[in-house]
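Remarks on the structure that follows.
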Amino acid sequence: MSFISALGARALGIVSGVGDFTRFLVALLARSGIAVRRPRLVSQQIHFIGNYSLLIVAVSGMFVGFVLGLQGYYTLNRYGSEEALGLLVALSLVRELGPVVTALLFAGRAGTSLTAEIGLMKAGEQLAAMEVMAVDPLRRVLVPRFWGGVIAMPVLAAVFSMVGILGGWVVGVLLIGVDAGAFWSQMQGGVDVWQDVANGVLKSVVFGVAVTLVALYEGWHAQPTPEGVARATTRTVVVGSLAVLGLDFLLTALMFGG
Amino acid sequence: MPESSSNPQEPALSLNGVALGYGDFTVLSDISMQAHAGQVVAVMGGSGSGKTTLLRAATGQIAAQSGTVKAFGQDVDAQSPAGLRALRQRMGVLFQQGALFTDLNVFENVAFPLREHTRLDEAAILERVLAKLDAVGLRTAAHLKVAEISGGMARRVALARTVVLEPELILYDEPFAGLDPISLGITARLIRHLADQLGCASVLITHDVAESFAIADQVYLVGRGRLAASGAPQELKASQDPYVRQFLDGAPDGPVAFNYPDTPAFEAWLARQPGARAARGKQEDRK
């Protein structure tokens with residue numbers, strides 16, 4: 001009996017958690033007018049969040065590109081079609097690795113700092129102070145950060161893919177000696193703007209919403225103690241990363257499944 | 001300064017038979033007090049006596065369990081979110097730790113209420129913020145980050161931020177705690193000066209007897225879950241009430257026990273401890 005009630009309590013907890021999370025999203029969207037009226041608040045956050053993650057995203061993109069160049073060459077070489085290396089690298093990055101790996105890095109880098117910042121603002125009574133100043137902290141603090149994250153993510157994913165393609169080119173063309181003309185022309189001919197690029201951008205926007213929302217939600221609901229903030233930061237990485245991978249499967253099935 | 005719509009005779013803050021607490025737990029009951037424009041009112045009491053809870057009720061952060069809390073003649077708990085925001089715009093609250101925004105520098109912290117609630121241009125904001133920082137002696141610290149200033153300075157910056165909108169009611173939560181004697185004296189004089197100059201009602205939540213008696217017009221002493229005494233500082237000084245005497249003289253013996261009362265939860269916890277027997281033995285000896 002206690003097992004059943006424990007199971008029920010857990011199920012109810014999950015359902016109410018999802019409901020809470022959805023209400024949090026709706027509350028942020030309903031207050032998003034400030035992002036239009038005071039765009040400087042959002043641009044500051046884009047600068048802040050984007051700058052934080054730019055270096056790690058670019059360096060990771062380069063190494064992923066290197067690896068794709070190597071692995072792709074050895075596989076394609078078996079079938080004598082190494083000219084398609086450019087196409088393979090570009091499609092892998094634009095459709096899949098760019099948005100997904102960027103979102104995972106974003107959760108680890110910018111997401112954790114967002115959670116810790118909001119959690120510590122709460123612990124330092126900064127959010128309560130804002131509230132008694134008749135300023136809504138959801139509107140003033142969270143909304144600019146939310147849109148900052150949502151806008152920064154596709155840009156970072158684009159940087160990741162671009163650097164990754166250059167990495168693939170360095171390994172494939174410069175080091176291994178794949179024909180440069182074939183590398184670029186296959187890519188040009190095979191990558192579709194709507195089917196591949198636009199879907200990749202759409203994915204990164206969805207991941208941006210998911211990761212930023214998880215980070216802000218965890219910070220907002222963190223226990224205002226050092227331990228509570230530490231736990232919330234960890235949850236941001238775990239929940240954010242799982243959400244990205246789960247959503248990626250769903251989106252891939254919807255976009256490319258048919 | 002927001003337009004005042006209330007009757008000047010009406011108290012800026014009044015509590016009438018208020019009980020406050022969290023959940024089923026009641027911290028304070030049957031509290032009645034008033035703060036009028038131009039008056040400095042000190043609410044005093046020991047640590048954990050519920051002083052800060054009183055402040056949270058005044059700002060509408062918690063609802064009264066019974067009785068009414070009125071700010072500017074309006075029931076705080078009966079307000080819509082917009083109504084509560086309108087009331088809060090007429091109040092200033094100085095938090096115990098200052099609660100400065102760590103992502104903004106000193107200047108932007110003080111400018112924050114102006115940017116959020118007024119349409120002043122940059123020149124007017126600069127002038128007003130520097131004037132307020134000057135009043136707390138920190139004009140030349142305007143460019144510093146919050147992390148670069150000391151705790152005492154942070155409290156003074158927070159004070160400048162609290163008064164920048166020139167509120168009609170200012171609530172100070174422990175304004176003297178942790179200040180050096182010089183800052184303490186300056187802060188006390190500043191609080192009195194603000195009340196006289198702006199004509200605002202000031203409520204001090206404090207346990208600092210000397211400074212608050214020097215500047216307060218009216219003192220409310222809370223203890224043992226209710227209002228223990230109230231009156232002008234001179235009246236309280238002359239009081240022979242044992243609680244008042246114990247508090248003012250700082251005596252360890254009196255109606256307030258220094259030791260936290262024993263509870264069954266503590267006994268149960270103690271019994272579970274690995275060294276319980278030895279500890280219990282020692283406790284017996286102590287008794």
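Below, chains carry the letters A, B, ... as their sequence lines are ordered, and counting in each starts from 1.
Residues passing the salt bridge (Lys or Arg N to Asp or Glu O under 4.0 Å) test with R109(A), sequence neighbours excluded: none.
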Between chain A and chain B, identify every pair of one donor and one acceptor N or O atom lying under 3.5 Å apart.
from    : atom 1 : to      : atom 2 : distance (Å)
R38(A)  : NH1    : E116(B) : OE1    : 3.2
R38(A)  : NH1    : E116(B) : OE2    : 3.2
R38(A)  : NH2    : E116(B) : OE2    : 3.1
Q126(A) : OE1    : T102(B) : N      : 3.2
Q126(A) : NE2    : L100(B) : O      : 3.3
Q126(A) : NE2    : T102(B) : OG1    : 3.0
E131(A) : O      : R88(B)  : NH1    : 3.2
M133(A) : O      : H117(B) : NE2    : 2.6
R140(A) : NE     : E116(B) : OE2    : 2.7
R145(A) : NH2    : D103(B) : OD2    : 3.2

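Contacts between L94(B) and chain A at a heavy-atom distance below 4.5 Å are absent for every atom of the residue.
By the 4.5 Å heavy-atom criterion applied to side chains, F101(B) and V141(A) are not counted as neighbours.
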